[in-house]
Amino acid sequence: MNTGASPEQLHHRVLDWYAVAARDLPWRRPDCTPWGIFVSEVMLQQTPVVRVEPVWREWMSRWPTPADLAADSPGEAVRAWGRLGYPRRALRLHAAAVAMTDRHAGTVPATEAELLALPGVGTYTAAAVATFAFGERTTVVDTNVRRVLARVVTGQEYAAPSPTRAELTVAADLVPADAATARTWSVALMELGALVCSARSPRCSACPVADLCAWQVAGRPAYRGPARKGQAWEGTDRQLRGALLAALRASHTPVPRSALESLSDNEIQRERCLDSLVADGLVEPLAGGRYRLPASREAS
DNA sequence: CACCCGTGGCT
DNA sequence: TAGCCAAGGGT
């Protein structure tokens with residue numbers, strides 16, 4: 001299925017394209033700190049750039065170092081998270097800041113292995129921060145990279161639902177030997193996936209590697225693999241948890257249970273969601289049936 | 001490994 | 001319009 005394009009050809013085309021097409025994002029600027037890059041990577045997990053940027057700016061202004069965030073309450077992190085979604089990420093970011101302050105002298109650890117040990121940091125984020133913030137030569141594989149390589153190298157419209165061994169090998173083998181080049185390669189491949197080789201309507205006419213792309217050359221055959229799992233929303237716990245947390249974010253004083261009850265007529269689900277929010281450390285129960293965002297420093 | 005976890009814009 | 005989808009991680 002492969003077009004026989006050499007790694008060097010791909011590198012050259014993609015890097016040249018990135019040099020002129022890259023977005024000017026604040027966490028990509030040379031003066032951005034490792035902490036700024038770290039925060040951006042966590043915020044960007046499953047959340048589009050346009051929604052992240054204003055919140056990121058606010059966080060950087062308010063908490064310019066890990067110690068600044070660690071010194072504040074986890075509840076303030078959750079409040080400042082706003083509507084980015086998956087608010088447990090705010091809690092983990094706060095916990096990571098505490099870990100950096102306690103175990104890393106207030107700095108972002110520089111190696112992939114140390115980063116992986118931090119809360120909220122998985123395979124992707126560890127590799128991304130290690131290379132984007134510290135120049136370590138890593139293999140960065142996110143949803144964009146997976147889709148671009150599925151098309152360009154393998155000739156398939158979409159990557160499999162979850163990463164395969166073969167896929168990771170393909171990505172690793174394409175990483176340039178030079179660390180500085182590898183760093184730009186990773187961000188460029190992600191940018192290509194975000195701006196040109198998008199999931200819905202790829203702009204192949206604007207693609208720097210269209211003539212080298214196995215999927216393009218094969219006539220852009222439709223995806224045949226297993227269906228992707230749709231995400232239900234209406235009536236789910238996630239929806240109600242979101243509504244409950246939004247009410248708590250909006251209030252700077254404890255919220256009585258009665259106010260939360262108005263958000264759903266389903267008492268069973270309401271209690272389940274409230275309990276799970278407390279268990280997650282996103283909500284702190286107070287005496288008298290009142291609730292607030294967590295003020296204690298020990299939330300998970 | 002399958003499932004859960006928010007939110008909103010785009011096709 | 002109703003899905004589909006987004007720089008994933010934790011359990």
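Letters A, B, ... mirror the listed sequences (proteins, then strands); counts begin at 1.
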Is the closest side-chain heavy-atom distance between [X] and [Y] below 4.5 Å?
X      : Y      : value
A/L149 : A/E167 : no
A/L286 : A/R292 : yes
A/L245 : A/L293 : yes
A/E76  : A/D72  : yes

Rounded distance in Å - [atom1] ([X]) to [atom2] ([N]):
X      : N     : atom1 : atom2 : value
A/M43  : B/dC5 : CE    : P     : 22 Å
A/R83  : B/dG9 : CZ    : P     : 10 Å
A/D275 : B/dC4 : CG    : C1'   : 17 Å
A/D280 : B/dC5 : CG    : P     : 9 Å

- Message: Would you say the ring centers of A/W59 and A/W81 fall short of 6.0 Å from each other?
- Response: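 Yes, close enough.
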
- Rounded to whole angstrom, note down the P distance from B/dT11 over to C/dA7.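 It works out to 14 Å between them.
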
- Message: Give me the distance, rounded to whole Å, that separates B/dG6 from C/dT11 when you measure between the P atoms they each carry.
- Response: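 It comes out at 14 Å once rounded to the nearest Å.
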
- Base versus backbone protein contacts along nucleotides 4-10 of chain C [heavy-atom cut-off under 4.0 Å; B, S, -]: BBBBBBS

- Query: Closest approach of A/R249 and A/R83, non-hydrogen atoms and distance?
  - Reply: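 Heavy atoms only, the tightest pair is NH2-NH1, 3.5 Å.
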
- Task: Say whether A/T236 and A/R241, considering side chains only, have a donor N or O and an acceptor N or O under 3.5 Å apart.
- Result: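 No, no side-chain donor-acceptor pair sits under 3.5 Å.
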
- Message: Can you list, by chain and residue number, the hydrophobic cluster partners of A/W233 when the side-chain cut-off is 4.5 Å?
- Response: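 A/W233 clusters with nothing; isolated.
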
- Task: Using heavy atoms and a sub-4.0 Å distance, could you list which residues of residues 234-268 of chain A are near DNA chain B? By number, please.
- Result: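 Going residue by residue through residues 234-268 of chain A, the ones with a heavy atom under 4.0 Å of DNA chain B turn out to be A/D237, A/R238, A/R241, A/G242, A/R249.
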
